[in-house]
Amino acid sequence: MQYECKYVENIVEADWNLLPDITLLDVVTGDKPRLHTSVRACWSQEGLHVRFDCEDDHIIATMINRDDPIYNEDVVEVFIDTTGTGYKYFEFEVSPRNVIFDAKIEITDMARAQGERHSTGTGDTSDYKTVDIAWDAHGMRTSVDKLSEGQYRYELHFPFADLEAVPDEGTVWKWNAYRIDGDQSGKFHFWAWSPTGAVNYHVPSKFGELKFVK
């Protein structure tokens, strides 16, 4: 899977409707979810920009501090692997209250020793990764807006300095976009652009491609 991430001169004046959109699917089965989520992305000289437009009929969001475990409630998420190796990537989450969780993930030597199993995505590396939540993307900017009843928009802006890499035209990174949503019964649903085949977002071998184009 590949998303063509288009260049914009000025993100403030960018027409997001001209950008290609992708739809999130059930993370396990790839089926259409109960609620619609579309994602668009673009890049500028400043950084990478991502927008989620979410249908939402019930909000679960109680946490208020950065790096609280907001993944236990409603969130949108972006995972970005600038190296394409699957051994190091960034995790970004935003809640409906505009609370941020950001972390740097590294697959440990134990998982690297099982490189073939890791690369095919047939093994769960959850026990073999380090999650550095002390790391912060200091320049990251986010916003959450209620557009109308049941319609919400999330915007995430990542300076390239925080991603520790600067792409050129034609550069390809790996990434995935996710969402966790709780319904009125208390059941949580897990959605992804590139389904991982399990209720587990940390499967880098299932990340799609993010190609920077002009």
Side-chain angles (χ1 to χ4, degrees), residues 16 21-29 31-41 47-80 89-106 124-127 129-159 162-163 175-196 198-203 206-207:
W16 287 84
D21 69 311
I22 52 180
T23 301
L24 302 193
L25 304 171
D26 183 277
V27 71
V28 178
T29 65
D31 292 340
K32 181 180 178 180
R34 70 181 196 91
L35 297 173
H36 181 72
T37 309
S38 67
V39 184
R40 291 177 168 90
L48 176 65
H49 316 279
V50 182
R51 172 184 284 185
F52 288 76
D53 284 307
C54 302
E55 183 183 20
D56 204 333
D57 57 5
H58 183 65
I59 298 292
I60 301 178
T62 64
M63 302 181 195
I64 60 174
N65 298 310
R66 189 173 191 140
D67 292 333
D68 278 349
I70 58 175
Y71 43 79
N72 291 321
E73 299 183 335
D74 289 5
V75 288
V76 298
E77 306 187 18
V78 179
F79 286 24
I80 302 172
Y89 55 94
F90 300 97
E91 175 180 355
F92 302 102
E93 305 179 12
V94 181
S95 80
R97 300 184 68 161
N98 200 25
V99 176
I100 295 171
F101 177 95
D102 51 357
K104 185 182 292 186
I105 315 296
E106 185 168 359
D124 180 3
T125 60
S126 298
D127 293 335
K129 68 177 184 295
T130 59
V131 181
D132 183 4
I133 64 173
W135 174 84
D136 286 332
H138 293 290
M140 177 182 176
R141 295 181 290 107
T142 63
S143 63
V144 182
D145 295 300
K146 183 177 181 179
L147 304 180
S148 61
E149 192 62 35
Q151 299 291 331
Y152 294 83
R153 173 169 292 164
Y154 299 73
E155 289 193 6
L156 298 80
H157 303 274
F158 310 106
D162 285 332
L163 299 176
W175 79 316
N176 213 344
Y178 304 109
R179 181 181 171 190
I180 300 174
D181 180 76
D183 62 26
Q184 295 183 8
S185 72
K187 179 181 179 181
F188 280 88
H189 304 264
F190 301 85
W191 305 324
W193 170 52
S194 177
T196 66
V199 182
N200 177 11
Y201 291 169
H202 293 273
V203 185
K206 298 296 185 181
F207 289 2

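In terms of heavy-atom proximity, Tyr152 sits nearest to Asp56 at CD1-CB, 3.8 Å. Heavy-atom minimum distance, Val75 versus Ile70: CG1-O, 3.1 Å. In plain terms, the two heavy atoms of Gly182 and Asp74 that are nearest each other are N-OD1, 2.8 Å. Contact record, Leu24 with Trp193: CD2-N, 3.4 Å, taken as the closest heavy-atom pair.
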Inset, instruction - Show your working on side-chain contact (heavy atoms from CB on, under 4.5 Å) between Arg97 and Val144 and close with a plain yes or no. - result: CA-CA 7 Å; Arg97 300 184 68 161; Val144 182; over 6 Å; no
Legend entry - Derivation and outcome, side-chain contact (heavy atoms from CB on, under 4.5 Å), residues Leu156 and Phe52: CA-CA 9 Å; Leu156 298 80; Phe52 288 76; 4.0 Å; yes
Inset, instruction - Take Asp102 and Asp67 through the side-chain contact (heavy atoms from CB on, under 4.5 Å) test and state the conclusion after the steps. - result: CA-CA 6 Å; Asp102 51 357; Asp67 292 333; 3.1 Å; yes
Legend entry - Criterion side-chain contact (heavy atoms from CB on, under 4.5 Å) on Met140 and Val94, from CA distance to verdict: CA-CA 11 Å; Met140 177 182 176; Val94 181; 4.3 Å; yes
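For the atom pair NZ (Lys146) and SG (Cys54), the distance works out to 14.0 Å, reported to the nearest 0.5 Å. With values rounded to the nearest 0.5 angstrom, Lys104 atom NZ is found 13.5 Å from Tyr89 atom OH. Distance check, rounded to the nearest 0.5 Å: CD1 of Ile180 to OG of Ser95 gives 11.5 Å. To the nearest 0.5 Å, atoms OG1 (Thr23) and CG (Asp53) are separated by 11.0 Å. Residue Trp191 holds its CH2 atom at 5.5 Å from OG1 of Thr37, rounded to the nearest 0.5 Å.
For the salt bridge (Lys or Arg N to Asp or Glu O under 4.0 Å) test, no residue two or more places apart in sequence or in another chain qualifies with Lys32. Contacts of Asp181 classified as salt bridge (Lys or Arg N to Asp or Glu O under 4.0 Å), with partners at least two apart in sequence or in another chain: Arg34, Arg179. By the salt bridge (Lys or Arg N to Asp or Glu O under 4.0 Å) test, Asp68 is found to be paired with no residue, residues two or more places apart in sequence or in another chain being considered. Not counting sequence neighbours, the partners of Phe90 by the ring pair (Phe, Tyr, Trp, His ring centres under 6.0 Å) test are Trp135. Take Glu155 and apply the side chain to side chain donor-acceptor pair (under 3.5 Å) test, not counting sequence neighbours, and it matches Arg51, His157. Looking at residues two or more places apart in sequence or on another chain, you find no salt bridge (Lys or Arg N to Asp or Glu O under 4.0 Å) involving Asp183. Under the ring pair (Phe, Tyr, Trp, His ring centres under 6.0 Å) criterion, Tyr201 pairs with Tyr178, not counting sequence neighbours. By the ring pair (Phe, Tyr, Trp, His ring centres under 6.0 Å) test, Phe101 pairs with Tyr71, sequence neighbours left out. His58 is linked by a side chain to side chain contact (heavy atoms under 4.5 Å, CB included) to Ile60, Gln184, counting only residues two or more places apart in sequence or in another chain. Among residues two or more places apart in sequence or in another chain, the side chain to side chain contact (heavy atoms under 4.5 Å, CB included) test is passed with Val131 by Ala103, Ile105, Lys129, Ile133. Applying the side chain to side chain donor-acceptor pair (under 3.5 Å) test to Thr142 and every residue at least two apart in sequence or in another chain returns Asn98.
Applying the salt bridge (charged side-chain N to carboxylate O under 4.0 Å, His left out) rule to pairs touching residues 135-144 yields Glu46-Arg141, Arg66-Asp136, sequence neighbours excluded.
For the pair Val39/Val76, no side-chain contact is recorded, criterion being any heavy-atom separation below 4.5 Å from C-beta on. Counting only heavy atoms from C-beta outward, the side chains of Glu73 and Thr62 approach each other to under 4.5 Å. Using a 4.5 Å heavy-atom cutoff, the side chains of Phe92 and Leu163 are in contact.
In this structure a side-chain-to-backbone donor-acceptor pair under 3.5 Å is present from Asp162 to Gly139. Of the possible donor and acceptor atoms, one in the side chain of Asn176 sits under 3.5 Å from a partner among the backbone N and O of Ser194. Side chain of Asp26 to backbone of Val28: a donor-acceptor contact under 3.5 angstrom is found.
Using the six-membered ring where Trp is involved, Phe79 and Phe207 have ring planes that are perpendicular, over 60° apart on the 30 and 60° scheme.
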